[in-house]
Structure formats: C-alpha cells, structure tokens
Amino acid sequence: MKRNHISLFVLSEKAWSGSAVQFAWQKTLGHFLAVTGGDHTVKIFDRHGQKRNEITLPGNCVAMDWDKDGDTLAIIADRCSAIFLWDANTSKTSQLDSGMRDSLSFLLWSRVGALLAVGTTKGNLLIYNRQTSRKIPILGKHTKRITCGCWSTENLLALGGEDKIITISNQEGDTIRQTSVSSDPSDIQFSVMKTDERISTRESTVSLVVGKKTLFLFNLNDPDNPIDLKFQQSYGSIVTYRWYGDGYIMIGFSRGYFVVISTHIREIGQEIFQAHNHKDNLSSIAISHSLNKAASCGDNCINIHDLSDLRKMYAIINMDDEDKGMLLAWTDDGQLLAVSTRGASLHVFLTKLPVLGDTCSTRIAYLTSLLEVTIVNHVENELPVTVSVEVEPSFIAVGVYHLAVGMNNRAWFYLLGENNVKKLKDAEYLGTVASMHLNSDYAAALFEGKVQLHMIESEGLDAQEERETRLFPADDDKYRILCHALTGDFLIYGTDTGVIHYFYIEDWQYVNEYRHPVSVRKIFPDPNGTRLAFIDEKSDGFVYCPVNDRIYEIPNFSPTIKGILWENWPMDKGVFVAYDDDKAYTYVFHKDAIQGSKIILAGATEVPFSQKPLLLYDGELTCQTQSGKTNNIYLSTHSFLGDLKDFGPNELAQMLTQTLMLKRFSEAWGICVLLNDQSSWNELGKACLHHMEVDFAIRVYRTCGNAGMVMSLEEIKGIEDRNLLAGHLAMFTNNFNLAQDLYLASSRPISALEMRKDLQHWDSALQLAKCLAPDQIPFISREYALQLEFTGDYINALAHYEKGITGDSKEHDEACLAGVAQMSIRMGDIRQGVNQAIKHPSRLLKRDCGAILESMKQFSEAAQLYEKGQYYDKAASVYIRCKNWAKVGELLPHVSSPKIHLQYAKAKEADGRYKEAVVAYENAKQWDSVIRLCLDHLNNPERAVNIVRETQSLDGAKMVARFFLQLGDYGSAIQFLVMSKCNNEAFTLAQQHNKMEIYADIITSESTSNEDYQSVALYFEGEKKHFQAGKFFLLCGQYGRALKHFLKSPNTEDNLAIQMAIETVGQAKDEALKSELIDYLTGENDGMPKDAKYLFRLYMALKQYREAARTAIIIAREEQRSGNYRNAHDVLFSMYSELKKQKIKIPSEMATNLMILHSYILVKTHVKRGDHMKGARMLIRVANNISKFPSHIVPILTSTVIECHRAGLKNSAFTFAAVLMRPENRNKIDLKYKKKIEAMVRHPDKAEAEEPTTACPYCAFQLPECELLCPRCKNNLPYCIATGRHMVQDDWTVCPHCDFPALYSEFKNMLQVENICPMCSERINTAQLKKMNDCTQYLKQDDTDG
C-alpha cells in the first residue's frame, strides 16, 4: 500500500552545501531538531521548521547528542577540546572544558543517567556527570582514535577504536571486558540476545560491524565464544543495523538489500526476511518502536515497513532525484521522520499525527497536519474545508457554524463560511482545557473539574449579561465535573458524585438530573439528546432516557471501551457502537418491544490498528488514522447493505438475523424475497410482533399465506392501549406469562382470563376469575374437572364438578351431575354413581358409566345401565359374560351385533335347540353353520343349496357336494365341488361317472385355471370330440392344437367350428396358424373354398383392416349380383365404420358402392312416405349405375320410369323408357307396365323442371341438390343419409350412432315417421339430434382414397 506521508518542511542552507548534513532529534519530547553542516554552526529548529537558536563552533561539528530527557544537547567540534552544552529549557549555551589535550572524536550521553562519555583521537576517555559536575578522565583506554560506542541500560560503556579493540567499562571508567576484532569496528550497540529460557533481561550482548562486512556478537557472559556473522557478497557492505522485538536484528546493505536475522542460538545465521528495497543503494535504516514501523532510505525514496508483517510495504515516500537520502531518524513518539540528503538539505515528514477529531451531526473536523485542521461532510457531499491553525492543538471541537482548536488554557475560534474560514477570536480559561464541545451558539469547555459555558460570538468570558456565560458547578456545589456534552438544547455533564445534570440553555436553568451510584466518567448523547449513553468509574455502560427517567444497562460491555458513537442515519435511531482499540461493538436500543425496552449486542467489528472512530452513518464507521486521513469501514452487523444477489442462502440467513436485530424490516423483506423460504417469512413476522410493528407484520403474514394471523392482527391493530396491544402480541408469540402480566396492567384485564381459558390453563383461570369474574368460576370449574378427569385426578375432578353446579343453568348442571356420577363410580361409590346415572336424562352418560363399571368388573350394574341407555348390544354382551341367557334372549330382537348372535347360537346348538340356533346363526351371518344344521339336523337340503348359491360359500359348497355325493346325484355334486374350488375332485368324479360335459359346462362359466381347461381338452381329445377339445385347448392358450381340432370338426349349419377357428387365429396372432386357416378357407387343401364371409371375419379378427376391406368389397359385389342389396349395404357399412374407427383411409370404390346401395335403400323409404320426387331422384342415381344391379336391371329401370313420371320428371322418364325398349330388355318388362312405357316412347313428352340448386359445402358453388361432385372445386361431396342429397353447411347434423352426416331438417322429419337410422338401423330419438354450427371436421378430405 503506498501512502503519501505529509512533508512538513525542508531545511536547506547554502552554507551546508558540499558537506554532509548531520542532525539529532531531541529525545523523549521531539520538540527540537539540531542540524549541522560544514558551516561551523549547529542550528536548533522546532518541530514546525522554525529556527529557534544557532550555536557557533570553532570548527566543524564532530558529534552531538541529546541527553535522555532531551534537556541538554552536547556538541564537540573539530580541533577543539571544549564540550558545548545547549539547554533546551533556557535556550542558553555553555562550554565545558574536557581537560584533554588532544582533539575530541566521540560523544554519547547515557541512556539512563546524566553521564556523558567523550572520546579523543588518541584513545583517551572522559566521563562527565552532569548532576555532580564530576569529570573522570581515563587515559589510554584505547591506543588510537575512539570511533564508536554505546551505553547499556546498566550504565556499561562499550567503545571501539581504530586500534581494533573493543572495551567494556563501568560508569567509573574501569575496563571489565575487552576483546579484539579483525578490522575497524563501527556502530556498537547493546542488546539482549534471544534465548530459550531468559534468566534476566539485562543487556549482555554487544554487537558491532567489523570492516563493514561482518556482524560481530560478543556475549559478556560468554566472552570466549563471540559470533561472527558473514553475509552474501551480492548484498554489498553493511551500512547500518538495528535491534528490535525479541532479539531480531534488521540490517541494511549498501546495494539496497534489507535483511532481518534472529539471534536465537538455533536460528543464528538464518535470514528471517530479505527484500531488495532499493535498486542501487541503501544509505540508512531507522526503527520507531512507538509506531512499530521500520524505514529504509536509498536511491530517491524511503520505504516504510510494518514490523508485525515485513512482507507488506506500509508506505513509500518518493523524493526528487537530486535529493537522494543519506541518514534517517524518527522522533521517539514516531510522529516525525527526518532524512538528510546528498543535496545538503533536510526533509521532515509527518508519519504519525495526534489523533484529534470531533463531529457535529455528520460533519467531521480532524487534524490533517500539525497545524492544519480539515472539515468534511461526506454524507451531505460538502467540499472539504482546510483551516490553518496557529498552534499544534491538543483538542478540537466543531459545531454547526464554528470550529475551535486549542491547547493548555487557550482556545481559538473560527467561523465556517460557505467558501471561506474566518478567525473569530481566542479565549483563555481558568485552567488547562481537557475537552470542548460546540453547538450553534455556545461553547462548553471542561477544565479542572469545571465547565465554562459561554456564547461563541460574545465579547469575552467576563461578560456580565445573563445567558452569555456561566461556570458550572456553582460555588456552593462541592462536586467535580468529569465529563460533559453539548446538544442543540442542553448542556449535559456528569460528576464524580454520580449525578448527570441536564441544563436547558433556552430557559437557562436545570431541567433534569439522574443520580448514579458511582461517578460518571464519560457521556455520549444521541443526535437528538433524547437518549444518553454513559460509562461510569467501574467501566460499566448504561443508556439513560431522561423522558421517562429510565436507565438501561448495556450488556456484555467491555471494560476497555474508549467511547460511544450514536447512529446519525435518521432511520436507525436506536443503534450505537461502543469502541476500544481493537473492536467496535454494535448495540441496538429496542424501545418498543413487547417485553419492554432493552439493549442488545448485535455484533462486533474489527477496527484497524491505531484508528479512532469518529462518525457512524448507516452502518458505515468513519475512522481517523494516524496519518491525518479518514478511513471508512462497514460494520459487520450491516453486511446486508449492498447488492445481495451474489450471496448464498446461509449468508442471506445470517443477514436476515442482522436486519431483525437492527429493526431494518424493509431490508429484511428484500432478503426474505430472495430466500423465498417460509421459515424466513415466519422469522420476520415474529420479529415484527416482538417490536409491535403490527402493520408490517400484517404485510408479512399476508405474503406467506397465514390467513389466521392476518385476521387476528387486523382485529387488534387499532388498539391504543399499549399494554393491551403488547399482551395480544405476546400471546401470538406464545409468551403467555408475559401476555398475562401485560393484560393485567392494561385497561382490559379480563383479557388475561379469556386467554387462560382459551389455552385451557384452568388452574390459572380459576385464580384470575376470583378477582376478575367470580360468576365464571362454576364454568371454569367444570372445564378444570374435565381436564383433571383426563389426567386421572378423580378426587379433585369430583370436587370441581360439585363446585360447578349452579342451579340455574340446566345444560351446564347436567354436565356437572354427569361428571359427579362418573367420578363417584371411579371413586368406588358405585351405588350413588349408578343412581345418579339412572336419574340423569343422558343415554351417553349411561353408556360411559356402564363402560367404567364393566372395566371395574361390576357386570350386573354395567348391564343394567347399558339396558337403561338402550345400548342393547353392549347389555347383551355383558349379560353373556354373566351367563344370563334369559336376559340375552329378551334383548336379542334389539341386538344388531353378529358376535352376540353367534354366542347365543352356539349356546342354543349346544342345548339341541337347532331351529333357534339357525335363526341366531342367520342373524350372525354364519352361513356355513346354517348350511351344516340344515343338512345334518334339520334335513332341509333345498335351503342349504339356496344359501350356497346366494353366498358362494366355499365350505358350504363342499358340505352340499358331499351331501349330493351321498345321494348319488353326481351332476349336482360336481357343480358344488367346482363352486368350492375342488376342481380335481370334480374332474375325477366327472371322469368316473361320464359326466365330463356337465363338468366342462360348469368350469367354462367359472374363472378356472389353465390346467383344468387342459385336463378337459385332453379328455375330449381322447374321446374324439374335436369341437369340445378345440374349445378347451383355446381356453388354455394352446392355439395350434385348438385350430387342428376345429378344422377336424364336422361342418354344421351354423359353421360354429370355422368361427371358433377364426377366433383362435385372431387370439394367437401366429403367421403359421393364419396361413393354415387361409389355406383351409380358400380350399387349397381340399379344393372346396369356403364362403368369403369367413375370410372377411378372419381378417377382422386379425385387425388386417385393408385386406378385410378388399374382401368386404368382393362380398358386397357378390351380394349385389345375387340381389341381396341390404346385405351388401350392411357389409360395406360395417367395414366403412371399422376403417373409420381405426383411422384408416377408406377405398373410394367402397365409399361409392355404399353411396349407390344407400341411395337404392332410400327409394323404398321415400316412396313409402309418398315423396315421389326424392324417390325419383334416387332411382335416377341408381339407374345411372344400373350395371351394379345385374339381377334386377329391368325392374329397377321400370320403377325409375314410373317414379319419374309420377314426380313430373317427363324427360328423365322418357330417357329410361327408351333404354327399356331396347331388344335385350323389351321382353322382360312386366306386362302391367309395358303398354304405358311404349306409349311414353312413341309420344315423348320432354317437359321437365330443372333440379333445385344448393351451395357446395366446400366452395359455396350453387349446384343441383342431388349432385355429389362439385364442378368448381372438384370435391366429392358428403351426402345426406336421410335424402341422398349433398350436404349444406347451415343444415348439418350427424347420426349419434354411426356419425354419418344428414340434413338436420330432413332427418328430423324422417324420424318423426320412423325412428330408425337408414344407414346403421339403430333407433334414434329426435331429441338426440344436434344441429352443428361447425362441420369442418367432416369436410376434411383424408377419409377416403381419392
């Protein structure tokens, strides 16, 4: 991640050019920066880049160092033995004479005390104690120049010099350890090596760079085993190194490498981390322990790493090419990073800012540089405003129109205009300001236990006018104010005595106070000021509502919480977050819940390291970072905000839970739509009930189809009494105890009783009824008694039944008395219980009491009650158990139970009273027993046979068969054996007594197995009875043998054998059998062809309809030749119907022949009705096809001439009369008509009216009504079966049996005379005819082959 760290200032002076710039930050405070170049001066700058002092030196600065507290800067110069000391508090410089005669080369303050070590070019050492002014010179510490050194936390001093010796001295200068190295030492540091078991944290390890190539580790506790670490040559030389963490060393190499090693003895020599941070070179590294960051400088950039994860680059600071970095140093607090460059300049960057910020509504003011405050409002899209301030502030406050910054006891106020910022004034307070808050007009500053409230734009704090300023508390109040807040209307503050005060600014007086048991440390009002969150000195959190003076504890409140932010989004008024350094905890204040107001923890969200939350808006938390920026993070509890389409059901279910906790019902609705799951809708509905959102709950339950809940909610939604409404809702969510409490607190407490009654909580209902409705106690007692009776608590049930008797409610009292009777019997008081039951009008009670007594084995009393209650079956059953047959006999006429009749019958049979036994067995439907008694004892076989035939009883049939066998009636015996499924015995009997025909007839009508049929077939085969053998082979599925026998059967008049042979082949569907039968029928075997009708029937049986059709045409032709026109018509019609049924195309020859034959048949009908015109037209059609009627040419032509003459068709009569006069016909004319016909021919009269025309049903062309071929569309037209004319669309009907068309009007008239269809000869009622509006299905031209 790359971040541009803010460049605070750049120091560059001409005098420094050409020399390396050295610098040193003031330790601890970091307020000052000492800088020196090649100009014989050390300049002191403050942290804002302002020069505060300048120290002139006799030569170039050799070394400088700040003491541990940053109070004193020590400097040594070239060719000078004096030490220069600059006091940071007084800004004065003093000189200290070292007493050394040689030049000074090294300078270092102790890390823990006021000791200053100074080394010389000849190896001498001076230790100066600033507190005591004592100087300890040690001559000859080294033989050559002292070049480096360091102090330990135990005030041990390690030094290295050009003599390649390392000395370890105490604070007195005494050498306690010494070792030599192979090359020039540099960069000596004390630290603690990483070990498995650390005994102490003493700095016992000295590390140094030897010859810029190796890292030398020297353990004071093990001086004989130093460690010399060497590195890859490709890294270049060691530039510098730093210790950090638990024994880790970070090393920078000249070629840009950045390496981390561990000093753990097992890991020594291993590189934990390595990065090529800089391409060409690396000049310096620095570590800030307060920031937990490391920086490396090289090329023209500074790379910053996070020590917790070195792999990630935290930031990169780029510099100009000419400003290549040399040295890096951080202030102790990590806020500022200084880097010197080869261009003799010094850059100071802001790496960590004090996290100062404040909010007013959605406006945020925060520190973006040490002297810069930025004001932003991202919610309302306002442009950022930057304010330059005069001092580095320690507090910031922002209001509606103003900004305040300040430090110590001063504050500066700025007016925020639309386009500019104007400084208003500065103010001084009576103490150091701890915090400040602003509203539109006032500022409130907290200092030293007091709060100053004053107008922002007044003249000053000493103004006397009321409402301009006020100091809290008043002089006579002894408490200290620990925290405060300012809303638009109120100043609110908390005190060390635990009181929270509300001061109403408009009325300038206190309006509310709340007393807490312990002091209040922090307070956080919500945007409206109607709720207040606060933290007390025990680190417990609470929410206080001043409206009702109620306090609510915040659950699971962490003791590390630093602050609380309320949600600023207007729709989420009850949401707030409490945050500490690591997490932000989301809480929701549920104000309108049925269980009362409460706070719940919704979840926690990780807060990035060192970021401070400032603003919460719609689940988005705005945090301020140390780098002077803001960062927005979404709360984990608001993950449902955004596009939900990519989430799976599990994530959506979690989001639904979040929305319900946050009362975001609209978003929950959207999630439920996506989930489309009944349980999710129910969860949403339950949450709406919990929060008393009745209208929304109705929407939800209506969507998920819960009509009962919708109706219930519609009934209660108008209730204004909150407790009553909450009681109903609690009841709907099955929280009945809460519902009762709410009902009792409402204006209608009787609802609690009604609820308990509905729930059948009778014990609770009785308690409530005593106070709310004493008149209901008897009714509740009865219900409670019923429940107690069910659970077996008969004693209390009896008591409550007795309490339930009112004396004025007949039905209710009867129920109670019934309960008393039953409970009395159960308690053992049988006499009283029976008497009560007998007196009681209820039959059911008598039955129930009888059942109780029966279970108690009190049979006589039970039977008595059953009889009184007219439960005769039960009474008889109990009397049987008592062996009281006399009573049973009395009751039998009323008894319907077969079981009782059976028991009685058995008893009578045992007594030998068979007639009574038979009657009882009949009533019991025990027919086998009736048959047995009729055959064995009553000698009544006729009745036994009738019963067997009626009941089809197998056992009865066996008994009757045995009876007839004994009598020698074998036919009857066989019949009853078959009926009893004893087919083998029946077969054997039939064989023995030559009764096989009887047996065969019987089993043919029964559902019998194939084995039985085969047995019979084989028998007949042996007897040479071919027809019977074939018949039974057919029944058992042996089609080949069956056909063989049928063909061998002698011919009879009805040719039944041939018909059975056809049926056999039809069932077999076997080609060989088919061929065999066809050969037989066509006479291939015996030269005697059989009637073609049998071949036709064979084809029909085989469903070979096309072959059947051809055969039918041949048969019809033969019938026509023989003059059997009706037979020919019927053959063609049946074939036509079958083909139509099978959806097979009808041959045109068949259709034509059927039409001509039907026309001939219609003649008789028309003539009979006296309609000579229709008869003549049909005869003309027949005469035109006279070749198809060879047997009756002359009679038909004669009839045609006569009918045409009668109908006035003179020309047609002449035409056909002329045909009759031909020589071949003349002598065959009936003498009765011969002269008349001759006269017609001799004196021709050709006058004839034209035939009427009607529309073609296809193309509407007008053509003669008896013409069946349209000259325009060339279609064969369907004809009317009643008249023979062609059909017309607007007068269309069909026969309901054969589906042939007819003219509706003509067919109806015909049926009134003769109600038979002329085509199919089926009877028709005129009511069955339906005139058809759409006849298109009958006009399709795919029924016949063209």
Side-chain angles (χ1 to χ4, degrees), residues 28-29 31 89 333 354-360 365-367 370-371 373 389-399 402-414 423-439 441-487 490-503 505 508 510 513 516 518-525 534-537 562-563 612:
T28 309
L29 299 172
H31 287 168
N89 297 319
D333 62 5
V355 181
L356 283 180
D358 189 32
T359 59
C360 175
Y366 61 99
L367 202 60
L370 292 176
L371 298 174
V373 176
V389 297
E390 297 177 12
V391 295
E392 189 176 331
S394 59
F395 64 84
I396 291 176
V398 67
H402 305 92
L403 169 72
V405 298
M407 65 178 293
N408 297 334
N409 66 333
R410 291 190 68 187
W412 286 261
F413 292 91
Y414 298 84
K423 182 181 173 185
L424 276 179
K425 65 174 185 179
D426 62 295
E428 287 193 25
Y429 298 92
L430 301 175
T432 301
V433 176
S435 63
M436 178 177 279
H437 296 290
L438 309 180
N439 66 14
D441 299 314
Y442 286 87
L446 172 65
F447 55 87
E448 298 176 3
K450 299 180 184 299
V451 168
Q452 179 85 43
L453 176 69
H454 65 89
M455 289 190 77
I456 298 171
E457 299 190 23
S458 67
E459 293 302 317
L461 297 183
D462 56 349
Q464 295 301 311
E465 268 191 56
E466 193 185 10
R467 297 176 182 276
E468 286 207 2
T469 183
R470 179 162 173 172
L471 187 65
F472 299 89
D475 293 338
D476 52 347
D477 292 326
K478 302 302 180 188
Y479 55 78
R480 283 174 55 80
I481 298 173
L482 302 181
C483 52
H484 78 301
L486 194 60
T487 68
F490 299 102
L491 167 67
I492 311 165
Y493 62 82
T495 70
D496 59 350
T497 58
V499 181
I500 297 174
H501 289 276
Y502 276 73
F503 182 78
I505 296 171
W508 208 251
Y510 290 104
E513 71 173 40
H516 194 61
V518 294
S519 59
V520 177
R521 281 200 294 117
K522 295 179 182 177
I523 60 173
F524 309 93
F534 67 89
I535 304 172
D536 64 15
E537 68 172 2
K562 299 287 180 63
K612 178 189 174 187

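- Residues Cys360 and Leu438 have side chains not in contact (no heavy-atom distance under 4.5 Å, counting atoms from C-beta outward).
- Looking at Asp496, its side chain does come within 3.5 Å of a backbone N or O of Arg480 through a donor-acceptor pair.
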Should Lys423 and Glu390 be marked as a side-chain contact (heavy atoms from CB on, under 4.5 Å) after you check the CA-CA gap, both sets of side-chain angles, and the distance that decides it?
CA-CA 11 Å; Lys423 182 181 173 185; Glu390 297 177 12; 2.4 Å; yes

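- In this structure, the separation between CG on Asp333 and OG1 on Thr28 is 10.0 Å, given to the nearest 0.5 Å.
- Atom CD1 of Ile481 and atom CD of Gln452 lie 10.5 Å apart (nearest 0.5 Å).
- A perpendicular orientation is assigned to the rings of Phe503 and Phe472, their planes being inclined by more than 60° (bins at 30° and 60°).
- Taking all atoms of both residues into account, the shortest heavy-atom contact from Glu392 to Met407 is O-SD, 3.6 Å.
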Is there a side-chain contact (heavy atoms from CB on, under 4.5 Å) between Arg470 and Tyr442 once you walk through the steps?
CA-CA 11 Å; Arg470 179 162 173 172; Tyr442 286 87; over 6 Å; no

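- Within the model, atoms NE2 of His437 and OG1 of Thr359 stand 9.5 Å from one another, a figure rounded to the nearest 0.5 Å.
- Rounded to the nearest 0.5 angstrom, His516 NE2 and Thr495 OG1 are separated by 11.0 Å.
- Each of Tyr510, Tyr502, Trp508 was checked for a ring-ring contact (aromatic ring centres under 6.0 Å, His included) with Phe490, and the lone residue meeting it is Tyr502.
- Within the 4.5 Å cutoff, no side-chain heavy atoms of Lys612 are placed close to those of Tyr366.
- Considering every non-hydrogen atom in both His501 and Val499, the closest pair reads NE2-CG1, 3.3 Å.
- Between the side chain of Asn409 and the main chain of Leu430, no donor-acceptor pair closer than 3.5 Å is present.
- Side-chain atoms of Phe447 and Thr432, non-hydrogen and from C-beta on, never get closer than 4.5 Å to each other.
- Taking all atoms of both residues into account, the shortest heavy-atom contact from Leu482 to Ser519 is CD1-CB, 3.9 Å.
- Contact between Gly563 and Phe524 at its shortest, heavy atoms only, is CA-CZ, 3.6 Å.
- Between Asn408 and Ser394 there is no side-chain heavy-atom pair separated by less than 4.5 Å.
- The backbone N or O of Val451 sits nowhere less than 3.5 Å from a side-chain atom of His484 that would complete a donor-acceptor pair.
- The CZ atom of Phe395 sits 13.0 Å away from atom CG of Leu367, with the distance rounded to the nearest 0.5 Å.
- For the pair His454 and Tyr429, the minimum side-chain heavy-atom distance is below 4.5 Å.
- Put simply, the side chain of Ile492 reaches to within 4.5 Å of the side chain of Ile500, judged on heavy atoms.
- Without hydrogens or angle criteria, Thr469 side chain to Leu453 main chain gives a donor-acceptor distance under 3.5 Å.
- Shortest non-hydrogen contact noted between Ala365 and Leu403 is CB-CD1, 3.9 Å.
- Pairing each heavy atom of Ile505 with each of Leu486, the nearest pair is CD1-CD1, 3.8 Å.
- Formation of a donor-acceptor pair under 3.5 Å by the Lys522 side chain with backbone atoms of Cys483 is not found in this model.
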Given Tyr414 and Val373, is the side-chain contact (heavy atoms from CB on, under 4.5 Å) satisfied, shown in steps?
CA-CA 11 Å; Tyr414 298 84; Val373 176; over 6 Å; no

